[in-house]
Structure formats: C-alpha cells, structure tokens
Amino acid sequence: MPELPEVETTARLVRPHLLGRRLTAARVLWLRTLGGATAAGFQRAVVGATVRGVDRRAKWVVLDLGAAGALLVHLRMTGRLVVEPAEDDAGPWLRVGLGLDDGRELRFLDVRKFGRVLHVAEPSAVFAALGPEPLGPEFTPEALLAGLRARRRALKPLLLDQGFIAGLGNIYVDEALHAARLHPLRRSDEVTPRAARALHGAIQRILAAAIEREGSSFDVFYRTPEGRPGEYQHLFQVYGRDGQPCHACGATVQKIVVGQRGTHFCARCQRAKP
DNA sequence: AGCTACTCCTGGTAGC
DNA sequence: TGCTACCAGGAGTAGC
C-alpha cells in the first residue's frame, strides 16, 4: 500500500516528466476520483495550467500549478501515476488522464478507486490537519516524546493517525514498532524517553531505507511510475511474516487486528508492558 | 478523548 | 475446474 516511501518515489520519478509541461486536456473516467468536483469544473481549473513543481506532503503528491492552484494526488490503496504516450492504450484502470504538451499523458490508474485527484486553489486547507513530516526538521525525539505523552492511545492507531505524524501507514508502523521493540498496543503516555528515542530513530531509518529501495511491493498493485517493483519488502521483519520466525529472536511472528488493521509483531521482542 | 463500526472498491485467494 | 465468500486497507464519518 502506498505510504510515504512509495509516494516519495512516485513524486521523484514523475517530476522530470512534468516540470514545465502545460496541461492540454483532462479526461475523467471515474468521477468520484475527483472527490466531489464536476468533470467540467475540474477541466476548467487545470487545462492550460503549467506544472511548476512536483513534491510530496504526507501521502499526497502535490503538483504545483502556480496561479492555477495545485493538484493533489492520493494513491490510497492501489493508485499509480504514470506518464505515457497519449496514443498508448491506458488499460482498464485509468481514472483520470491529463494531456501534456509533449504528446504524452499523465495517467492516474487505480484498480480499487479509493484514490483521489483533487484540484485546490490552495493546498493548505487539505494539509492543515496533518502532523509533522517524519523526515522533516520538526520531528525530533523530544517532539515525539511530548506528543506521545500528550495522548493516551495505543501506539499502533496513534502512529497511523495522519494528524499525529504524516505519511506512515500499516506496513511501516509495524516495522518501526518492531525495530523499537514496542508492542503495538502499548499506551502512548507510558512510553519512556529512551523508548521514544528508539521509535524516532526506527521511523527515520526505516523510511529512509525504504525510499532508497523505491518502496515495497508484495502484491500486483504498487509499482514505480516506470513499472518496477520496490525492493524494501525483502527487508520486512514482521509485516506479512505471521507464522514465520522473528529474525531477531526466532519466536513466531504474530498477527492480530488493531483498529480494523492487520498488525504484525513479535510477542517476545515487543513486550506489552515494559 | 478515544474507541469501534461502517463505507468505499475490486482482484486475488481460500475453501468447497 | 468452477463457483462463492471473504479479505486487504487509508481515511472519512457516525455513534458511544
């Protein structure tokens, strides 16, 4: 599932194809992808605009359109961005296509239709509720500890909360909690300063390593814009490894459900109580 | 405040 | 082999 490393990879790889390109057309094949806008309104807003920047915030790919506002793309479960010759068949999962002035098309493909392509005049309204970037300067061990102490929630759902920290999803939360030796149901206000530092380090180290490997692919869905699978799945310690031995201690990796999410952990490495 | 349940979707897979 | 039932899950919403 696309999380921060997959979205960062997507933004990096489409950027050189899009910078300076003018949008010449917009076709909408699944209206709900627009998140409530009409196809005509969307077309009016974006056709003629020029892409001034391609960045990432949380799990959003942000196309800066200058005075025309911005396009915000959320891949959710199965979304992908690709840039292909406009005459090439886009396949059955094309939801939104944006024609480019070089004869190609930026395509949003999405099997499960949960993804979104939003036009906004100003991204700040969408981004206002997001927590800090885990690889950004605001995310320090001290800030993490203070945030954990300010809440009384289980670590797993808290780390998935985009308002607490932006960009983590189910995979990298499970991996970070294992690396920090913290049980997913441990209460956030009971985490020690030492454990908070370990968690901070684990989050940063794992995300950076996953970005280096262009994210994680373990099913048919996530591929880079160039069609390659990511490689970080080979380094998973717990995610998807239930029933197999923990690489750290040899105990069997467990899978439980926490907040409707499959949650993988090692009960020997990650104690429920300190 | 924080929890659970429900919704949106469909390809893949387990079970028969 | 072919069918059905169920599962995966990010994020928004509602209800307790």
Side-chain angles (χ1 to χ4, degrees), chain A residues 1-10 28-37 56-62 72-81 90-96 108-118 120 123 125-131 133-134 146-177 183-191 207 210 215-223 229-230 233 236 238-243 253 255-265:
Chain A
M1 312 308 130
E3 305 178 24
L4 188 153
E6 292 78 21
V7 180
E8 178 68 28
T9 300
T10 297
V28 179
L29 291 92
W30 185 254
L31 187 56
R32 300 181 78 143
T33 300
L34 301 184
R56 179 195 58 76
R57 171 74 173 107
K59 299 176 195 171
W60 293 91
V61 177
V62 183
L72 307 182
V73 180
H74 201 302
L75 307 176
R76 291 280 181 96
M77 310 299 303
T78 57
R80 291 184 61 203
L81 284 177
W93 299 308
L94 180 68
R95 307 306 177 196
V96 174
F108 180 71
L109 315 174
D110 188 17
V111 172
R112 290 188 188 157
K113 301 178 176 174
F114 286 177
R116 292 291 179 263
V117 178
L118 310 180
V120 294
V126 176
F127 294 163
L130 292 173
E133 283 291 324
L148 294 171
R149 293 283 173 93
R151 310 289 209 97
R152 295 183 175 192
R153 293 184 69 182
L155 289 176
K156 172 81 188 241
L158 182 57
L159 294 173
L160 287 174
D161 183 342
Q162 301 299 296
F164 183 76
I165 178 171
L168 296 180
N170 206 39
I171 295 168
Y172 297 106
V173 167
D174 282 4
E175 292 296 311
L177 287 172
H183 193 287
L185 293 175
R186 182 82 74 81
R187 262 180 46 166
S188 63
D189 57 329
E190 293 174 352
V191 168
L207 291 177
S216 304
S217 298
F218 48 87
D219 55 28
V220 301
F221 296 116
Y222 171 69
R223 294 293 182 273
Q233 67 279 8
F236 285 170
V238 287
Y239 186 83
R241 297 196 64 251
D242 44 304
V253 174
K255 182 177 182 183
I256 59 175
V257 176
V258 179
Q260 285 77 247
R261 298 285 148 67
T263 297
H264 313 74
F265 71 106

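Below, chain A is the first sequence line, B the second, and so on; all start at residue 1.
Rounded to whole angstrom, the span from the CG atom of A/Asp189 across to the C1' atom of B/dA1 amounts to 12 Å. Regarding A/Tyr222, its OH atom lies at a distance of 21 Å from the C1' atom of B/dG12, rounded to whole Å. Computed from coordinates, the A/Ile256 CD1 to B/dT4 P distance equals 11 Å when rounded to whole Å. In this structure, CG of A/Leu109 is placed 14 Å from P of B/dG11, rounded to the nearest angstrom. Rounded to an integer number of Å, the gap from A/Leu75 CG to B/dT10 P is 18 Å. At whole-Å resolution of the value, CZ in A/Phe218 and P in B/dG12 are 14 Å apart. As rounded to whole Å, 10 Å separates atom P of B/dT10 from atom CG of A/Asp110.
Non-hydrogen atoms lying under 4.0 Å from DNA chain C are contributed by nothing in residues 28-36 of chain A.
Residues A/Ser216 and A/Tyr172 share a closest heavy-atom pair of OG-OH, 2.7 Å.
Toward the 5' end of DNA chain B, the nearer of the two residues A/Arg152 and A/Val220, judged by each one's closest nucleotide, is A/Arg152. Summary of the strand contacts: A/Arg151 and A/Arg116 both lie near DNA chain B, and taking for each the nucleotide with the nearest heavy atom, the more 5' one is attributed to A/Arg151.
The backbone N or O of A/Val258 lies less than 3.5 Å from no partner atom in the side chain of A/Gln260, so there is not a single donor-acceptor pair. Of the possible donor and acceptor atoms, none in the side chain of A/Arg151 sits under 3.5 Å from a partner among the backbone N and O of A/Arg187.
With sequence neighbours excluded, no residue satisfies ring pair (Phe, Tyr, Trp, His ring centres under 6.0 Å) with A/Tyr222. Applying the salt bridge (charged side-chain N to carboxylate O under 4.0 Å, His left out) test to A/Arg56 and every residue at least two apart in sequence or in another chain returns A/Glu8, A/Glu133. Under the rule for a salt bridge (charged side-chain N to carboxylate O under 4.0 Å, His left out), A/Asp242 has no partner lying at least two apart in sequence or in another chain. Shown here are the side chain to side chain donor-acceptor pair (under 3.5 Å) partners of A/Thr10, two or more places apart in sequence or in another chain: there are none.
Using a 4.0 Å cut-off, some side-chain N or O of A/Trp93 falls inside it from OP1 or OP2 of B/dG11.
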How would you summarise protein contacts on nucleotides 8-13 of chain C per nucleotide, using B for base, S for sugar-phosphate only and - for none, with heavy-atom distances below 4.0 Å?
BBBB--

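Remark: A/Arg152 CZ is loosely packed, at most 12 non-hydrogen atoms of other residues, nucleotides or ligands lying under 6.0 Å away.
The aromatic rings of A/Phe127 and A/Trp60 are tilted relative to each other, their planes meeting at an angle between 30° and 60°.
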